[in-house]
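Note sheet for the following structure.
Labels below follow one simple rule: chain letters A, B, ... track the order of the sequence lines, proteins then strands, and each chain is numbered from 1. Note that the structure is predicted; figures quoted are calculated from it, not measured.
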Number of protein chains: 2
Amino acid sequence: MINQYGRIKVDLATELQELKALGFSSANFETLLRQALPSFHSMSSQNDWLRLHLATTEQDIYSFFQQKLALDQAIFYRIGAQLLGFNDELANNNLDGVATFQQLGLPIVAVDNIPHAWYTLLNTHNSTGLLLIDALVSQGYLPQNNQRLIFNGKSLPTFDTNDLIRESVWVETSVDTDNDGQLDLVQVDIVRPKSETPLPVLFTASPYYQGLNVKENDAKIHSVNVPLQRKEPTQVDKNDVTYQGLSASTAKPREVAGHATETEVSFTAEAGLPVDLNQYFLSRGFAIAYSAGVGTRHADGMQDTGSPEQVESMKNVVEWLAGNRVAFTNRYDNMAITADWSSHKIAMTGRSYLGTLATAVATTGVEGLETVVSEAAISNWYQYYRDNGLVVAPGGFPGEDMDVLAELVYTRMKDPADWWRTRSQWQAFQSETAHLMARDNGNYDRYWDSRNYLNHIQNIKIDMLMVHGLNDWNVKPRQVYQLWSALKQNNHVKKIYLHQGEHININNNRSLDFSDQINLWFSEKLLGLHVDATTALPTVTWQDNTNPEAWHALEDWGIGEKVSYHFADKKLSRSSQSAGEVSFRDWLPEDQFNHYGKHFNAWRQAIISGKIAETAQIFKTEALSTAQTIDGEITLNLRVKSSKNIGLLSAMIVDYGTDQYLKVSPTPQEATVDRGRNFSPTRLMAFEMTKANQKMVTLGHINLQNRTNAWQTDDLQADEFVNVSLTLQPTHYQMRSGHQLGVVLYATDFEMTVRGNQDIVYTIDLANSQIDLPIVNK
Amino acid sequence: MINQYGRIKVDLATELQELKALGFSSANFETLLRQALPSFHSMSSQNDWLRLHLATTEQDIYSFFQQKLALDQAIFYRIGAQLLGFNDELANNNLDGVATFQQLGLPIVAVDNIPHAWYTLLNTHNSTGLLLIDALVSQGYLPQNNQRLIFNGKSLPTFDTNDLIRESVWVETSVDTDNDGQLDLVQVDIVRPKSETPLPVLFTASPYYQGLNVKENDAKIHSVNVPLQRKEPTQVDKNDVTYQGLSASTAKPREVAGHATETEVSFTAEAGLPVDLNQYFLSRGFAIAYSAGVGTRHADGMQDTGSPEQVESMKNVVEWLAGNRVAFTNRYDNMAITADWSSHKIAMTGRSYLGTLATAVATTGVEGLETVVSEAAISNWYQYYRDNGLVVAPGGFPGEDMDVLAELVYTRMKDPADWWRTRSQWQAFQSETAHLMARDNGNYDRYWDSRNYLNHIQNIKIDMLMVHGLNDWNVKPRQVYQLWSALKQNNHVKKIYLHQGEHININNNRSLDFSDQINLWFSEKLLGLHVDATTALPTVTWQDNTNPEAWHALEDWGIGEKVSYHFADKKLSRSSQSAGEVSFRDWLPEDQFNHYGKHFNAWRQAIISGKIAETAQIFKTEALSTAQTIDGEITLNLRVKSSKNIGLLSAMIVDYGTDQYLKVSPTPQEATVDRGRNFSPTRLMAFEMTKANQKMVTLGHINLQNRTNAWQTDDLQADEFVNVSLTLQPTHYQMRSGHQLGVVLYATDFEMTVRGNQDIVYTIDLANSQIDLPIVNK
């Protein structure tokens, strides 16, 4: 199935106008079809193509045209399927083009109005994940003349990606993170098509852009095989942990020595891997800017993960792109240069750390930033490396932390003389970071509060577009859920794509026209066209977890209504409460402990399948009699005791039932997507299903000494019951009929928490424990 | 270690001339270094680079130049290491540049002659696998003006890969494989830089080029879970199985209707994945041609794996490229077009099937073909799908055969009307192929003899360059060994690269300058320059199997002298013969049989490690007291009996000893190699080592009914001893001191033979069995 939401309805007159602008002026199907063969420059060579393709099940197109037979819908869509490259699908449908279109979810219209049918076909996805019109332009249908051309509200790839300008400038930021009395300069790399008119800009703030210090990163990874430590109880007010804001730097701006009209530094290839979505837009007349920010190669400053100063430096880049800040042609001459090629309309893009900084810059309300497309972004760093008073690692990265990530991207160490000059300052800076992030404590404090962008949501003045994987256990779904929920307070438009993948991009996915949708979105936000993207795109686009290629438009996320279950021995019950206690022992023999420490995926599989039953308690519902959809956050209200005066509790929700489940990592397809004209080809991706006995749906962790909140340390006595409320990562998940919903209660999470192997017994008081599920009826 | 064999010695005057042609006219190091920063267009921006890099351990280059301090070798090579991007290696060597160069195996010369030292540095590999001069040109040091420039005997990337011509023509072949009375036309896709002078051509004959019918291929895979069948004994003379040659087609050539000056069909992206080595040469002023041959998409004819007709069609493409045959602008108008852009000097390139057809075309002696670079090529199809009277699959592909491969590439089925027209003819053709290839027999006959290119070695009139993996069990090493050995009879130059990988390319490997060497080779063979490539390149370049990045130049391959061992119970003995018999039973319980049938790698691991001991006999030498190098073919002379009147024998040579072994699949590195100017970047690859208890060195299989040869069927009686001589796949392998050489005798090979699970007991007469190893002392 191909789900196209980026198609807008235009009236027939507009269709005719747009077709004419493209040179499709005829209402004769043969004429149009021949035009759609831009690789064939003669009638004879076109005839060869026509002879190789079928009009009816027993007649090729050439002979069909020769005999001047009547065109009907069956023939139009049989030919259409071949033009789109769906030959295999057509063969599987016994050469029935209409059935093929139906099966693929592609639009079918009456063929009595040929221009309308042709317009619709041009606006339909082909087998390589492009609109037919995009594919034709890529194949040379239009000249790459660096002139913008809009079709159905979207920019066409008419910009020459074989003749791009690539140049660097240095933006003067408003921070002095290395305390040398000079405002830090940051390098900005610009890639842009030639154009006589100013271009909108996609800015990707990526600390990864200047490379990675992988070896140094790995050397800094913290051991997680350390005991959970008891914390002294404290009484802390929210104000005590509230960050007071960035104070203005006392460093003075440089005096501008003059104004240059040309840059002095160019490059032939980007320093880091270009963002695929950006490549798509280069050929469509958007300029791209990359900056790694302060504390990276060729820039000044220290590297401080997610800090207000880092965010400020990225905001400053936007200011330069919008004409409101100075940049220089090199780091010494103070010769200013303006972004005179910029239309001053900027969007920020990127996934993970990149999307995080885009979100953070949005919360500054900076002028010129018109929208953000953030994928798998962090909104609150506390919840990336900590949670509920615990050190909790991003999935897949045990032992990573703020200082480790900083080490990864302090790429000034890649230039030998820069490293020699800044090494000791950097090492002192990292010691301070390690002290501030306080792995031995895990509580929320001012350090973390300054890196919590949710505090500034009220400053967001733009329409936002978010993408997140509901199986992203690296940047967990709560990061976007809390942003989404907070944005309900402001009046700007927001859109969210909830896919079933892990920490991935979806812009090259076969089943969704994501790039087209962003193209439409940018037409409205950056080009100022009245294309009605706001109403065309669904508010919530949710990928169905029970189907490989289905995406549904929803009104909102997180609106499930509470349905509670009581805990019983091995069971969850809607009706009756159970008395009694059940326990599990958080301890493994050394060989098992070592094995699972190395293979945490095997550990997770083992614990949810009951293979290491002694370390967990699993509670399951009866097999569901109807499908139920969980929408939002599940909360566990538990009465629990620890056999020691320390404790942590973890929980997973598991869908039990032997069935086909979506793989969280999409599969590369044979077809490649062309990002321009033979530019930056990338693999088309598709989600596939695989058989399994169960699937983890969501999870959560809490320190039993942080029952009140993340900043106050509560007391905990051995063997005394306490009440704890644990809210799990949000989801939108369909439990199928016949499946059982399960809760796995355990303590040490081999992938995410510390692994003390401290031999603690945890006991649950069943009568006083329940789970609250947010359920929507479908 | 970086092994550069593609560097030639030129006199100092030539060095100065070449430097001057490149614009490096100064003898001042600062001037030269600044020129080598083509991305920095001002003194100030260059100064920034100089400030970021070190001259001494405590002074940056800028300040070093400012103070006009004396340059010495330590400073030159410290700066040189940074210019080449070996910053990590330099840091690991405490900033000692000379030590860094030594560790990497890079050339160090005195710096009293700056131009000579600079020339040598430009001719040295950098951290991305390119010569420094190539990297500079890629970064814009020279204009991409489509003018050839030679440096140290090699073409520089001065051709514009952003402005390539891509066009198709149809060559009229001299075969009519679909028997329609018309000579078959084949499509040739040409990719070439613009040039005012004719260009040499790299032609890749690739049946894969027009795509793959993967689903249809998979549906045709033969079951290998079938019994080994008894064959009726026959008396066959070699003449009875000798192919008589291709008879000329009775189809008449088309009448040329006129002469065109321009092609009619163009394309923006190649239909198939371009060959990486070809991409490298596009930017260096070589034209590339691809053809999939007869029986593929957009061509005429039937698909017949490795057939004389297939080879002839590829030879015909060479003839057109050399100006000796007609091609047309489309398939219907008979308008001829010449390759007027071709210098008529052609090389064929490619790996696997592609290299196979290159080898095959070389054996036609066709005019215009000046050399062949064949990688992992088949020289004799019998030994690809059969061996010694057995059906033996290529490693990794059990059940594949001639018809399966034909189905994979009969891509005419991708065009619906072409498939509709040719389907029944194709199905009949495939039935005939299945009949001719005779899986139920396995003997060599005329069908196979016509696909044995070794029969025509005497026609090879060109210098050949071959590449093969000594761990390639897909196209096994004997394919190139027999070609190599046969070529000793002719007077042309031959070179061979024996790497330790499996079925891979080595042109982007970090430790060998393979692409440079081919560049030098083509200068001599295609450009006619006197660069002495023949003497510069080693005859045999052998990758050391005991070291991750060592390559050695050898004089010849297969010159080991016979050292024999006697078989004893579990042992191999140089001195004493043993009496007695040992047996193994070729049978597994059903669950194990099914498991290993699905996981043949696990089966191989199990059998060589003695985990399924009952199905094999393992014989080992004492631990070797000195290293020994096996060079050539190992032969087993065995006296053996089967408990039934059928039987097959398999043998593996295994290196037993817990140690570091090279992985057969190289590891992608972070760095990417640029194939031009920001063109077709590819990952740099490196061989790495891994610890293991043993490693398979070589193997072989024989039908006990083919003791005389592959075409005659001998009798075999149950429980009667017979003498059998089994020659294993050739190798060049160093057995390290302390290791034991082992022979594993078994029958069913779960990866390669049929799997009858027929419960046969095989017995070896120890006293009359021995192994002959070809050993060279190092």
Between A:Asp418 and A:Arg412, does a salt bridge (Lys or Arg N to Asp or Glu O under 4.0 Å) hold up when you go through it step by step?
CA-CA 6 Å; A:Asp418 212 28; A:Arg412 297 184 68 176; 2.8 Å; yes
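Side-chain polar atoms of A:Glu407 and A:Trp426 form a donor-acceptor pair below 3.5 angstrom. The closest side-chain donor-acceptor pair between A:Gln187 and A:Asp189 falls under 3.5 angstrom. B:Asn330 and B:Glu264 share a donor-acceptor pair across their side chains, judged by distance under 3.5 Å alone. B:Thr268 and A:Asn678 form no side-chain donor-acceptor contact under 3.5 Å, judged by distance and modelled atom types alone.
Interface check for chain B: of the options A:Pro681, A:Ser44, A:Ser168, the most heavy-atom pairs under 4.5 Å are formed by A:Ser44. Most heavy-atom pairs under 4.5 Å with chain A: of the set B:Asp163, B:Asp60, B:Asn162, this distinction falls to B:Asn162. The greatest number of non-hydrogen atom pairs below 4.5 Å with chain B, out of A:Arg421, A:His298, A:Met413, A:Lys414, is found for A:Arg421. Interface check for chain A: of the options B:Trp420, B:Phe679, B:Phe40, the most heavy-atom pairs under 4.5 Å are formed by B:Trp420.
Looking at A:Glu167, there are no atoms closer than 4.5 Å to chain B (heavy atoms on both sides), in backbone or side chain. With a threshold of 4.5 angstrom between heavy atoms, B:Lys215 approaches chain A through side-chain atoms but not through N, CA, C or O. Looking at B:Ser138, only its backbone comes within 4.5 Å of chain A, counting heavy atoms on both sides. Only the backbone of A:Thr57 comes within contact range of chain B, with at least one heavy atom under 4.5 Å from a heavy atom of that chain. For a residue to count as touching a neighbouring chain, one of its non-hydrogen atoms must lie under 4.5 Å from one of that chain's; by this rule B:Gln46 does not touch chain A. Proximity to chain A is absent for every atom of B:Thr161, based on heavy atoms less than 4.5 angstrom apart. Using a 4.5 Å cut-off between heavy atoms, B:Asp333 touches chain A through its side chain atoms alone. Only the side chain of B:Tyr332 comes within less than 4.5 Å of a heavy atom of chain A; its backbone N, CA, C and O stay farther away. In this structure, no portion of A:Thr329 lies under 4.5 Å from any heavy atom of chain B. In this structure, chain A has heavy atoms under 4.5 Å from both the backbone and the side chain of B:Gln139.
Of the possible donor and acceptor atoms, none in the side chain of B:Asn47 sits under 3.5 Å from a partner among the backbone N and O of B:Leu50. No donor-acceptor distance shorter than 3.5 angstrom exists from the side chain of B:Asp160 to the backbone of B:Asn146, with no hydrogens or angles considered. At distances below 3.5 Å, not a single donor-acceptor pair connects side-chain atoms of A:Arg166 with backbone N or O atoms of A:Ala269. Counting only distance, with no hydrogens or angles, the side chain of A:Asp300 and the backbone of A:Leu185 share a donor-acceptor pair below 3.5 Å. A donor-acceptor pair under 3.5 Å is absent between the side-chain atoms of B:Ser63 and the main chain of B:Gln59, judged by distance alone. A:Arg297 places no side-chain N or O within 3.5 Å of a backbone atom of A:Thr411 that could act as its donor or acceptor partner.
By a heavy-atom distance cut of under 4.5 Å, A:Asn87, A:Asn92 are the residues of residues 85-95 of chain A near chain B, going up by number.
The environment of CD in A:Glu670 is sparse: at most 12 heavy-atom neighbours from other residues, nucleotides or ligands sit within 6.0 Å. More than 12 heavy atoms of other residues, nucleotides or ligands lie within 6.0 Å of CD in B:Glu216, so this atom counts as buried by the packing criterion.
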